[in-house]
There are 4 protein chains.
Amino acid sequence: MPRAVREQQMLDAAVRIFGRRGYRAASMDEIAELAGVSKPLVYLYLNSKEELFGACVRREAAALVDAVREGVGAASGERADRQLWGGLRAFFAHTAERPDGWAVLHGQARTQGEPFAAEVAAMRAEVLAFVTSLIVAAAREAHGDPLLPEREVAGLARALVGAAESLADWANADASVSGKEAAATLMRFAWAGLGGLLEGRGWDPA
Amino acid sequence: MPRAVREQQMLDAAVRIFGRRGYRAASMDEIAELAGVSKPLVYLYLNSKEELFGACVRREAAALVDAVREGVGAASGERADRQLWGGLRAFFAHTAERPDGWAVLHGQARTQGEPFAAEVAAMRAEVLAFVTSLIVAAAREAHGDPLLPEREVAGLARALVGAAESLADWANADASVSGKEAAATLMRFAWAGLGGLLEGRGWDPA
Amino acid sequence: MPRAVREQQMLDAAVRIFGRRGYRAASMDEIAELAGVSKPLVYLYLNSKEELFGACVRREAAALVDAVREGVGAASGERADRQLWGGLRAFFAHTAERPDGWAVLHGQARTQGEPFAAEVAAMRAEVLAFVTSLIVAAAREAHGDPLLPEREVAGLARALVGAAESLADWANADASVSGKEAAATLMRFAWAGLGGLLEGRGWDPA
Amino acid sequence: MPRAVREQQMLDAAVRIFGRRGYRAASMDEIAELAGVSKPLVYLYLNSKEELFGACVRREAAALVDAVREGVGAASGERADRQLWGGLRAFFAHTAERPDGWAVLHGQARTQGEPFAAEVAAMRAEVLAFVTSLIVAAAREAHGDPLLPEREVAGLARALVGAAESLADWANADASVSGKEAAATLMRFAWAGLGGLLEGRGWDPA
DNA sequence: GATGAATGAGTTTTCATTCAT
DNA sequence: GATGAATGAAAACTCATTCAT
């Protein structure tokens with residue numbers, strides 16, 4: 001069996017085990033067994049547990065970013081809200097379809113020290129860039145001019161992405177919640193909030 | 001030295017090590033050393049690594065819920081937005097003050113299998129209950145009548161809490177972001193969003 | 001059983017295994033078993049295979065140097081030839097009594113890379129210093145004045161020590177050769193050679 | 001490329017790796033890579049690591065013995081001292097020219113258990129035979145009659161060879177010491193010693 | 001003649017956990 | 001109440017060796 005194929009099988013197995021057991025609790029023995037190969041072959045192809053995990057993280061991060069990019073892109077040319085909606089739907093669909101991959105990214109990589117946390121941060125930065133540009137675009141479409149300071153937009157994007165991540169966990173854990181419903185709830189809320197802020201209906205602690 | 005005090009010292013040490021290394025990577029040796037006691041004593045008082053971790057999770061969860069409850073309670077009698085604001089501020093202040101405890105709850109316990117995930121879910125449920133009741137109260141104050149279906153309120157609360165958690169990580173990781181600023185951004189956004197939804201300015205995919 | 005005693009047992013076992021199998025071929029399992037303890041205890045006390053080997057080398061080197069020093073010292077006050085003879089006899093007696101220790105020093109440590117080779121080199125330097133000073137003393141006693149250039153003395157000392165090491169291997173391998181006989185042969189030869197050189201009866205390639 | 005050539009390349013690579021890393025630490029992977037062939041080919045030609053090492057030892061031992069034989073032979077017909085000098089020079093020149101081969105013979109094979117130690121012993125026996133016969137010849141030339149008992153001659157030869165081996169290591173390790181200088185120092189010393197013994201100027205413990 | 005693909009067996013090392021005192 | 005001494009079990013990783021092509 002050619003190397004490239006075997007490698008993907010190993011990554012599949014590794015994502016599943018890492019996602020379910022966690023990085024430290026996952027054993028190379030179990031991964032090799034699930035992949036249907038011997039341990040030395042895993043080491044021959046992927047060098048070490050750390051590199052194997054890194055390869056998983058990179059693959060899953062790229063897949064997720066691609067999915068979101070495609071979701072947004074499918075509505076390119078339409079208004080910002082449709083593009084955001086496309087991205088959200090794609091995000092929830094992807095995390096629902098690959099729960100182990102999502103667990104690796106969101107549940108494991110973030111907490112396993114620098115090389116991996118950085119990789120996840122880079123992925124999140126890509127998504128944040130999408131969201132940020134869509135917020136700015138929405139503001140332009142609504143008022144022709146961004147009224148929100150850049151720093152606040154960054155915070156909003158972060159909040160939106162955080163909410164989405166949390167809802168993805170929710171939808172993955174609770175079978176009665178569909179990705180579509182989660183996306184709709186979040187979109188309605190977010191769009192209302194954005195609109196309100198742009199029209200000056202924010203809240204003031206005083 | 002009385003047992004209760006020793007136990008708290010052990011928990012302090014354990015939270016610090018668990019929070020920084022992760023559950024699996026943390027070693028009982030290191031925890032005992034940091035606590036300044038011998039390993040057998042840790043076992044005498046806390047029985048096993050699993051129980052020790054459970055005790056950490058329970059203590060930190062209770063402390064966080066207490067902090068939020070107090071933050072909300074300090075504005076009891078005032079309007080729902082002030083109470084939500086009080087809870088948010090307390091949440092961000094607490095996570096900033098006890099980053100290791102927050103790492104144990106948010107970064108570790110959630111991904112370490114049933115007994116702990118359940119404990120964290122219970123804690124989050126308490127916080128969600130607060131938030132849900134405040135959203136309902138806000139709706140009453142605004143229209144005398146909750147216009148939002150229960151299911152949507154649950155989703156909104158979840159989104160709000162998820163956003164808060166994500167912003168807490170952000171504020172912990174990026175020193176230039178204060179808890180207060182994160183809280184204010186989120187509050188402005190959330191309140192505008194809630195108000196918009198209540199007034200029927202939501203977004204519709206069609 | 002107190003730690004210090006256990007440690008010596010472990011070193012005894014390790015010297016035996018390292019000496020017979022070689023550094024790489026020796027297994028920590030076998031060492032622990034011969035020492036009558038579990039492997040983790042070996043690691044608890046001696047940290048790693050490398051450190052364990054280092055401890056063996058240091059112990060055996062010190063023992064050998066001490067033996068030679070004592071052999072030389074027992075004839076202190078007497079003439080240089082008696083002192084050299086004392087050192088040689090002690091050297092052969094020691095290597096015959098502790099063949100595994102000698103194998104560790106001469107057969108293994110020298111070829112196992114820097115930290116160990118350096119340790120053996122230091123030991124040999126001590127012995128070389130003895131021999132060198134005895135050669136110089138002999139020259140003084142014979143002629144009141146060292147006629148041999150320093151560089152040649154260094155080479156002679158080296159040759160003498162090398163011959164002794166080789167004869168020690170020989171005596172260890174061939175039971176019919178006693179340490180005393182080896183020492184006597186070498187001493188007769190060396191003393192005749194030294195005397196000849198000092199009296200100008202050396203050999204010239206031309 | 002013909003088999004014989006390929007085989008020599010493999011042996012070249014193996015001698016280099018074995019000499020530098022040691023028998024156990026050397027890996028067949030590294031040897032195959034350095035030889036520029038695939039591992040199965042190494043096995044096809046040389047069967048196993050053990051046989052490969054054996055082939056290295058035999059080749060290097062033969063080369064060394066040949067070199068010494070040639071060195072001695074170049075002075076055949078001359079007096080014994082010239083022949084010994086020729087052998088010594090050749091020995092030091094050869095070990096300096098092929099340090100890895102010398103390391104395999106002197107540093108590794110001797111300590112790797114029976115098959116190899118025996119091979120090295122056989123090589124040394126050949127060299128010892130040269131030296132022994134030269135000592136006897138020298139005695140004849142000087143007195144017409146060997147005054148030294150056979151057993152002592154064996155010891156002397158051994159000491160001489162041991163000294164030479166040790167000086168070869170020295171010259172290999174310390175660049176400021178040339179093979180020629182080492183050979184001269186040893187030759188002067190040895191010849192003076194031999195002459196002294198033959199003339200009854202030995203040393204007596206009493 | 002030559003190799004890419006693959007593995008069984010063994011290595012060093014770590015860790016949660018328990019006694020005897 | 002507290003600890004020094006000790007270990008069973010398992011982890012990551014390596015290596016000599018073999019097939020199918």
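Below, read A as the first sequence line, B as the second, and so on, with proteins coming before strands; counting in each chain starts at 1.
- Side-chain atoms of A/Arg124 never come within 3.5 Å of backbone atoms of A/Val120 as a donor-acceptor pair (strictly under, hydrogens ignored).
- Atom C1' of nucleotide E/dT11 and atom OH of C/Tyr43 are separated by 8 Å, given to the nearest angstrom.
- Candidate nucleotides E/dT13, F/dA12, E/dA6 were compared by shortest atom distance to the side chain of A/Leu41, and E/dA6 ranks first.
- In this structure, C/Glu7 places its CD atom 14 Å from C1' of F/dA6, rounding to the nearest Å.
- Of the two residues contacting DNA chain F, namely D/Ala25 and C/Pro2, the nearest-nucleotide position lying further toward the 5' end is that of C/Pro2.
- The distance from atom CD of A/Glu51 to atom C1' of F/dC13 is 13 Å, rounded to the nearest whole Å.
- Taking only distance into account, the side chain of D/Lys39 never meets the base of E/dT3 through a donor-acceptor pair shorter than 3.5 Å.
- Of the two residues contacting DNA chain F, namely A/Met28 and C/Ser38, the nearest-nucleotide position lying further toward the 5' end is that of C/Ser38.
- If you take CD of B/Glu33 and P of F/dT3, they are 13 Å apart, rounded to a whole angstrom.
- Closest to the side chain of A/Arg3, from the set F/dT17, E/dT3, E/dA5, is E/dA5.
- Side-chain contact between D/Ser27 and D/Arg21 is absent, with no heavy atoms from C-beta onward closer than 4.5 Å.
- Regarding B/Ile17, its CD1 atom lies at a distance of 12 Å from the P atom of E/dC15, rounded to whole Å.
- Atom pair B/Leu52:CG and E/dC15:C1' shows a separation of 15 Å (rounding to whole Å applied).
- Base pairing of F/dT21: its partner is E/dA2, meeting the Watson-Crick or G-U wobble criterion (both donor-acceptor distances under 3.5 Å).
- Within the 4.0 angstrom heavy-atom criterion, only backbone atoms of the sugar-phosphate kind lie near A/Ala26; the bases stay farther away.
- Along DNA chain E, the nucleotide nearest C/Tyr23 and the nucleotide nearest D/Tyr45 are compared for position; the residue whose nucleotide lies closer to the 5' end is D/Tyr45.
- For D/Val37, counting side-chain heavy atoms from C-beta on, the closest listed nucleotide (E/dT12, F/dA16, E/dT3) is E/dT3.
- A salt bridge links B/Arg59 with B/Asp12; the closest basic N to acidic carboxylate O contact falls under 4.0 Å.
- Here the P atom of nucleotide F/dC19 and the CG atom of D/Leu44 are 13 Å apart, to the nearest Å.
- Residues B/Lys39 and B/Glu33 are not paired through a salt bridge, judged by the lack of any N-O separation under 4.0 Å between the basic side chain and the carboxylate.
- Using the six-membered ring where Trp is involved, D/Phe53 and D/Phe116 have ring planes that are perpendicular, over 60° apart on the 30 and 60° scheme.
- Phosphate proximity of E/dA2 to D/Arg6: present, with a side-chain N or O under 4.0 Å from OP1 or OP2.
- The separation between B/Gln9 atom CD and F/dG1 atom C1' is 15 Å, rounded to whole Å.
- Take the nearest nucleotide of DNA chain E for C/Ser27 and for A/Pro40: the residue whose nucleotide is more 5' is A/Pro40.
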